[in-house]
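Here the structure is laid out as structure tokens; the discussion comes afterwards.
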There are 2 protein chains.
Amino acid sequence: MILHLAMFTWKDDVTAADVAELTAQLESMAAGIPALRQYHCGENLRLRPSDADYAVAAMVDDEAGLAAYLDSDAHQAVYDRLLGRMIERRQAAQLDVGHAG
Amino acid sequence: MILHLAMFTWKDDVTAADVAELTAQLESMAAGIPALRQYHCGENLRLRPSDADYAVAAMVDDEAGLAAYLDSDAHQAVYDRLLGRMIERRQAAQLDVGHAG
């Protein structure tokens, strides 16, 4: 399985309402994408110093599953409606996590 | 539960042998820290463009569990021996993932 991770730092004009709306839209999106075996998104709790404002952790079976998620119309729609204009910086990675969740 | 995520971009002089040794040391460390409910580390598969070279995803019960991991002597030892000199940039975040893994 593959764990896809993303961290975002928001632009200065992003509001708490934007972030709450983003979380609602991402959770709705995730519920409609069967390739997503697990999906977590939300504000960085900032338990350690960091300039990341938000993070996503998404578990998929394989590279095809990742594409089914990231290239989906639903994902693109969230990006176009909201996420795209919020991002100052973004960092992502994918980890091979074997057969374990 | 809390999912702690970290992504690293290595300095130019980091070798494949350094990375393999780091993974071995981190996995050994993780096996000895009961607070770590799940632990994954490894090279970024780079299935999408990214300048992150390596990532860690660590599941703990709560903030105390996170501290038991990040502030452990074993974690500090990996940092002092190897990780510290490898890092060009680091980004981290913690997600509240509720009761689900």
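Proteins come first, then strands; the chains are lettered A, B, ... in the order of their sequence lines, and each starts at number 1. Note that this is a predicted model, so its numbers are computed, not measured.
In this structure, the portion of B:Arg46 lying under 4.5 Å from any heavy atom of chain A is its backbone and not its side chain. The parts of B:Asp51 that come within reach of chain A are both its backbone and its side chain, each placing non-hydrogen atoms under 4.5 angstrom from that chain.
In terms of heavy-atom pairs under 4.5 angstrom with chain B, the leader among A:Ala57, A:Pro49, A:Ala93 is A:Ala93. With chain A as partner, the option from B:Ala52, B:Gly42, B:Ala67 having the largest number of non-hydrogen pairs under 4.5 angstrom is B:Ala52.
Proximity to chain B among residues 13-37 of chain A is not found for any residue, judged by heavy-atom separations below 4.5 angstrom. At a heavy-atom cut-off of under 4.5 Å, chain A is reached by B:Ile2, B:Leu3, B:Leu5, B:Ala6, B:Met7, B:Thr9 from residues 2-12 of chain B, listed in order of number.
A:Leu66 and A:Val97 are assigned to two separate hydrophobic clusters, defined by single-linkage of ILVMFWY side chains at heavy-atom distances under 4.5 Å. There is no path of hydrophobic side-chain contacts, each under 4.5 Å, that joins B:Met1 to A:Leu45. Note on B:Ile87: it clusters hydrophobically with B:Leu70, by side-chain heavy-atom contacts below 4.5 Å among ILVMFWY residues.
By the neighbour-count criterion of 12 heavy atoms within 6.0 Å, atom CD of A:Gln91 is densely surrounded, having more than that number from other residues, nucleotides or ligands. B:Asp73 CG: 12 or fewer foreign heavy atoms inside a 6.0 Å radius. The 12-atom threshold is not exceeded at CD of B:Glu63, counting heavy atoms of other residues, nucleotides or ligands nearer than 6.0 Å.
We find the CE-NE2 distance between A:Met59 and B:His40 to be 5.0 Å, quoted to the nearest 0.5 Å.
In plain terms, the two heavy atoms of A:Leu95 and B:Glu43 that are nearest each other are CD2-O, 4.1 Å.
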